[in-house]
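Report on the following structure.
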Number of protein chains: 2
Amino acid sequence: MVSRRPPPAAPRRRPGPRRPGRRTAPAPDTRTALFEAAALAFSEAGFDGVSVDRIARRAGVNKAMLYYHFRGKLALYRAIVREMLRDGGARIAAVADAADPPETKIRRFVEAFLALTEGRPWFPRLMLREMAEGAPHLDLETLGGFRTVLSAFSRILAEGQAAGVFRPVHPVLAYLSITGPLLLNLARERAGAAPGRAALPMLAPIPRDQVRAHLERIALCVIRT
Amino acid sequence: MVSRRPPPAAPRRRPGPRRPGRRTAPAPDTRTALFEAAALAFSEAGFDGVSVDRIARRAGVNKAMLYYHFRGKLALYRAIVREMLRDGGARIAAVADAADPPETKIRRFVEAFLALTEGRPWFPRLMLREMAEGAPHLDLETLGGFRTVLSAFSRILAEGQAAGVFRPVHPVLAYLSITGPLLLNLARERAGAAPGRAALPMLAPIPRDQVRAHLERIALCVIRT
DNA sequence: GTCTATAAATAGATAGAC
DNA sequence: GTCTATCTATTTATAGAC
């Protein structure tokens, strides 16, 4: 049910943002407006839950512009995910390649991931949703973005193991053990923010610092010798 | 985008399964067939990704029967979630109320949760998806089913804390720290099972015993003093 | 209880004027 | 680059025969 008609086989002709010296209208940032409106909308309602029309209206532009600037709904969605993974991968790589002891890097990793979820409100929702669905909207190229993140994380683990302070642990399990509780907790708090649910203690927010401390504890006790 | 028209305000008239001594046709198990077909379909494609028509066809019955036996698509979905939570809550409560030391109960909890995910293939997918979306399809009554599960888990924590073997920890964070990695790992393996992804080591399955051992380690190191 | 037929709404996508 | 208008497929849901 991802897309009603078979995907149009990708001729890939990216217009590229804002070439100087054109004859047409100013075009302030139609492409960017579409991108950000779609990112928020997808994170709130999921790929199937958002209509192309709604994205366009939210961006304040015409629906047809989505098909002009991107190749369609699915291509726009993938562009959003790729951008997220590119930025996330760069930040995690910066942590992994810094000159810190492995344990510090793990703490920095937790903080970087937390910052990522706070800087882009759509990041955790969109990512968790896509994972929960089994990533049916992503192609191999987009999935490759995950590898960048995971391999940076794995470098930290390997360094700690070489130094004898970390035990051997499956990198994927370790990664999911840190990020999973965080993503699910954010989803839980979001569920509690829905109207008529304020009275459910089960869905009440937990202070940010308490969450951060908990995640660091998980991280270190899972991978430390 | 949950349902196109406003929900019909719930007169709640459950037909009840199979009353003996009727005059109409045998009706072997139309209701059950619909229930199971829908559970699998919802877990595969999500609430919005499955059409009523598809559920009916998969169950081998007519589409109109869904509206006869349940009140509509949303009511059927909620019935499935409620059944899951009822059964899950009962199993976790059985673990919590047994005569074991707290640490054993935690291990039993992990095993019970794992068994739950293995016994009902749709359980982890459906649950993770619904959580990832912020539970937009659930009413307060259905959400109450979560409380049963969580309170049983909290009883184990409280018992261990009273005995001095567990440290004080937020029950919700502890719960998510065990179940989150498991659910996300299942989703990851499912993503890897999609056609054309067998070559991605990042999505390769991890042996069940390794996962179980990892979850137990997380559980105990998060809550133990 | 079960079915066919259809209503009423909305989806993604495109053609073509400007 | 941007727009309006529209095509076509699909959706949830119901009416009414049997």
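In this text, all values refer to a predicted model and were calculated from it rather than measured experimentally. In the text below, chain A, chain B and the rest are named by the order of the sequence lines, each starting its count at 1.
- For Tyr68(A) and dG1(D), the shortest distance from a side-chain N or O to OP1 or OP2 is below 4.0 Å.
- Under the 3.5 Å distance criterion, with hydrogens and angles disregarded, a donor-acceptor pair is assigned to the side chains of His214(B) and Ser177(A).
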Report summary line: Pairs under 3.5 Å (Watson-Crick or G-U), crossing ones as [ ], inter-strand ones as |: DNA chain C comes out as ||||||||||.|||||||
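- Summarising the geometry, the separation between CG on Leu66(B) and P on dT11(D) is reported as 14 Å, rounded to the nearest angstrom.
- Among residues two or more places apart in sequence or in another chain, the side chain to side chain contact (heavy atoms under 4.5 Å, CB included) test is passed with Thr117(B) by Phe113(B), Leu114(B), Phe123(B), Pro124(B), Leu182(B), Leu186(B).
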Please report, to 0.1 Å, the donor-acceptor pairs under 3.5 Å made by any side chain of residues 193-204 of chain B, with sequence neighbours excluded.
residue: Arg197(B); atom: NH1; partner: Gly134(A); partner atom: O; Å: 3.2
residue: Arg197(B); atom: NH1; partner: Ala135(A); partner atom: O; Å: 3.2
residue: Arg197(B); atom: NH1; partner: Ala191(B); partner atom: O; Å: 3.2
residue: Arg197(B); atom: NH2; partner: Ala135(A); partner atom: O; Å: 2.6
residue: Arg197(B); atom: NH2; partner: Leu138(A); partner atom: O; Å: 2.8

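- Residue pairs meeting the side chain to side chain donor-acceptor pair (under 3.5 Å) criterion with at least one partner in residues 121-136 of chain B, sequence neighbours excluded, are Tyr77(B)-Glu130(B), Glu130(B)-His137(B).
- Residues meeting the side chain to side chain contact (heavy atoms under 4.5 Å, CB included) test with Leu85(B), sequence neighbours left out: Val81(B), Met127(B), Phe146(B).
- In this structure, the CD1 atom of Ile55(B) is 17 Å from the P atom of dT10(D), given to the nearest Å.
- Listed by chain and number, the residues in a salt bridge (charged side-chain N to carboxylate O under 4.0 Å, His left out) with Glu118(B) are Arg208(B) (sequence neighbours excluded).
- For Ser151(A), the side chain to side chain donor-acceptor pair (under 3.5 Å) criterion is met by no residue, not counting sequence neighbours.
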Find every protein N or O atom lying less than 3.5 Å from an N or O atom of nucleotides 3-5 of chain C, and list the pairs.
residue: dC3(C); atom: OP2; partner: Asn62(B); partner atom: N; Å: 3.0
residue: dT4(C); atom: OP2; partner: Asn62(B); partner atom: ND2; Å: 2.8

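- For residues 32-46 of chain A, the salt bridge (charged side-chain N to carboxylate O under 4.0 Å, His left out) pairs, not counting sequence neighbours, are Glu44(A)-Arg58(A).
- One can place CG of Asp29(A) at 10 Å from P of dT2(D), the figure rounded to the nearest angstrom.
- Phe70(A) has its CZ atom 16 Å from the P atom of dT14(C), to the nearest Å.
- The OH-P distance, from Tyr77(B) to dT12(D), rounds to 14 Å in whole Å.
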